[in-house]
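Numbered from 1 within each chain, the chains take letters A, B, ... in sequence-line order. Values in this document were obtained by computation on a predicted structure and should not be read as measured data.
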Number of protein chains: 2
Amino acid sequence: MRSPDQLTVAFRNAGLKVTPQRQLLFRLLHNNSAHPTAESLFVAASAEMPGISLRTVYQTLTDLTDMGELQSIDFGTGASHFDPNVAHHHHAVCDSCGAIHDVYVEEAPRLTGLDGFSVEHSHIVYRGTCAACA
Amino acid sequence: MRSPDQLTVAFRNAGLKVTPQRQLLFRLLHNNSAHPTAESLFVAASAEMPGISLRTVYQTLTDLTDMGELQSIDFGTGASHFDPNVAHHHHAVCDSCGAIHDVYVEEAPRLTGLDGFSVEHSHIVYRGTCAACA
DNA sequence: TTGCAAATTAGCAATTAGTGCAAATAACCT
DNA sequence: AGGTTATTTGCACTAATTGCTAATTTGCAA
Ligand SMILES: [Mn+2]
Ligand SMILES: [Mn+2]
Ligand SMILES: [Zn+2]
Ligand SMILES: [Zn+2]
């Protein structure tokens with residue numbers, strides 16, 4: 001995801017307006033590697049801007065995702081997680097504390113034995129126990 | 001997942017009762033490689049046993065999962081998918097028709113660069129277009 | 001076989017995550 | 001500064017799943 005300043009420009013160029021709510025979320029998401037949920041962002045945003053609505057958080061997350069600034073990932077934990085890192089990468093999820101870490105591997109194994117399936121994308125999820133929990 | 005007959009024994013051994021509803025689901029799941037959802041199983045079950053309740057389908061799926069006969073997988077499609085193949089394997093999901101295929105790869109890439117994270121399990125999801133849809 | 005305790009079913013309420021809608025408000029172009 | 005258009009917000013609503021419980025069924029035991 002680009003910086004708050006760059007997003008400000010990008011939003012205006014797209015005919016979207018730049019509100020204090022959106023600027024706050026730009027800041028909360030920029031360089032955020034925690035893979036937050038809408039709810040956790042809502043809590044963080046509410047601390048700085050009491051009264052911001054959860055609906056607005058969802059709306060802005062959808063906008064950013066549609067613009068390709070954010071990716072939404074479902075780890076089967078109930079809620080979707082949002083990731084400002086839109087480069088191709090994988091994830092390690094701690095079964096104990098729920099922490100999600102970015103993982104870079106050279107290449108996912110080639111798909112064999114499924115004749116005719118053309119792979120467009122692959123995502124590896126590692127599960128186990130993180131260093132802090134061990 | 002074991003055969004309906006073996007499951008019948010296993011359920012009784014576990015102090016669980018074997019009802020017609022459960023036997024039907026044993027049959028519908030045995031050798032089922034479609035990765036069905038609770039809802040799709042409910043539809044299939046209803047065809048053979050009108051009046052069976054969705055609640056019972058969920059309950060039996062939970063029981064089978066708890067017993068390790070089934071695994072529940074979330075592909076981010078809204079509903080959980082159930083897989084009677086509990087061997088370690090991966091999946092290819094068609095973005096066009098939603099079909100889910102089993103995939104066997106020699107080994108997922110070792111996790112490097114995350115010091116101290118001990119991997120217990122890894123799951124690769126390939127997304128793309130299946131042969132039938134191409 | 002029959003009886004009975006314990007488990008199951010099924011219906012409905014409740015929950016969680018997220019979306020649809022519309023009135024009030026705010027951004028920003030001129 | 002004014003007006004058009006987008007945004008915010010609250011609330012109702014959906015989808016998937018779980019909680020609760022009365023009525024029913026299973027399966028051991030007499
Ligand atoms: Mn990530
Ligand atoms: Mn499978
Ligand atoms: Zn941890
Ligand atoms: Zn397909």
Side-chain angles (χ1 to χ4, degrees), chain A residues 4-5 7-26 28 35-46 48-67 70-83 98, chain B residues 4-5 7-26 28 35-46 48-67 70-83 98:
Chain A
D5 283 353
L7 289 175
T8 294
V9 174
F11 264 60
R12 294 227 171 91
N13 286 346
L16 302 175
K17 291 173 178 172
V18 177
T19 63
Q21 289 88 340
R22 284 179 171 173
Q23 294 179 70
L24 171 55
L25 286 164
F26 294 170
L28 291 176
H35 303 85
T37 62
E39 184 66 33
S40 75
L41 284 164
F42 171 63
V43 169
S46 297
E48 291 196 43
M49 184 185 284
I52 189 173
S53 90
L54 178 58
R55 190 68 185 80
T56 297
V57 173
Y58 271 112
Q59 185 57 56
T60 299
L61 291 172
T62 300
D63 292 339
L64 286 166
T65 303
D66 288 348
M67 293 172 73
L70 217 52
Q71 64 171 316
S72 167
I73 312 173
D74 191 335
F75 292 102
T77 50
S80 291
H81 293 257
F82 293 88
D83 194 345
Chain B
D5 283 353
L7 290 174
T8 295
V9 174
F11 265 59
R12 295 225 172 94
N13 285 347
L16 302 175
K17 290 175 178 172
V18 178
T19 63
Q21 289 89 338
R22 284 178 171 174
Q23 293 179 68
L24 171 55
L25 287 164
F26 293 170
L28 290 176
H35 302 86
T37 62
E39 184 66 32
S40 75
L41 284 164
F42 172 63
V43 169
S46 297
E48 291 195 44
M49 185 184 284
I52 189 174
S53 89
L54 179 57
R55 191 66 186 83
T56 297
V57 173
Y58 271 111
Q59 185 57 56
T60 299
L61 291 172
T62 300
D63 291 340
L64 286 166
T65 302
D66 289 348
M67 292 173 72
L70 217 53
Q71 64 171 316
S72 168
I73 311 174
D74 191 335
F75 292 102
T77 50
S80 291
H81 292 258
F82 293 87
D83 193 346

Are B/H81 and B/F75 an aromatic pair, judged by ring center distance below 6.0 Å?
yes

Can you confirm if the aromatic rings of A/F26 and A/F11 lie within a centre distance of less than 6.0 Å?
yes

Output yes when a side-chain donor or acceptor of A/S40 lies under 3.5 Å from a complementary backbone atom of A/T37, and no otherwise.
yes

Base, sugar-phosphate alone, or nothing: which one does [X] contact when heavy atoms must sit under 4.0 Å apart?
X     : answer
B/T19 : sugar-phosphate
B/I52 : sugar-phosphate
A/Q21 : sugar-phosphate
A/T37 : nothing

Base C/dA6 to side chain B/K17, donor-acceptor N/O within 3.5 Å cut-off:
yes

Counting side-chain heavy atoms from C-beta on, which of [options] comes nearest to [X]?
X     : options                : answer
A/R55 : C/dA10, C/dG18, D/dT9  : D/dT9
B/P20 : D/dT26, C/dA17, D/dC20 : D/dT26
B/T56 : C/dA10, C/dG18, D/dT7  : C/dA10

Before giving the answer on side-chain contact (heavy atoms from CB on, under 4.5 Å), spell out for B/S53 and B/T56 the whole-Å C-alpha distance, their side-chain angles and the decisive distance to 0.1 Å.
CA-CA 5 Å; B/S53 89; B/T56 297; 3.2 Å; yes

It should be established whether B/S80 places a side-chain nitrogen or oxygen under 4.0 Å from OP1 or OP2 of nucleotide D/dT17.
yes

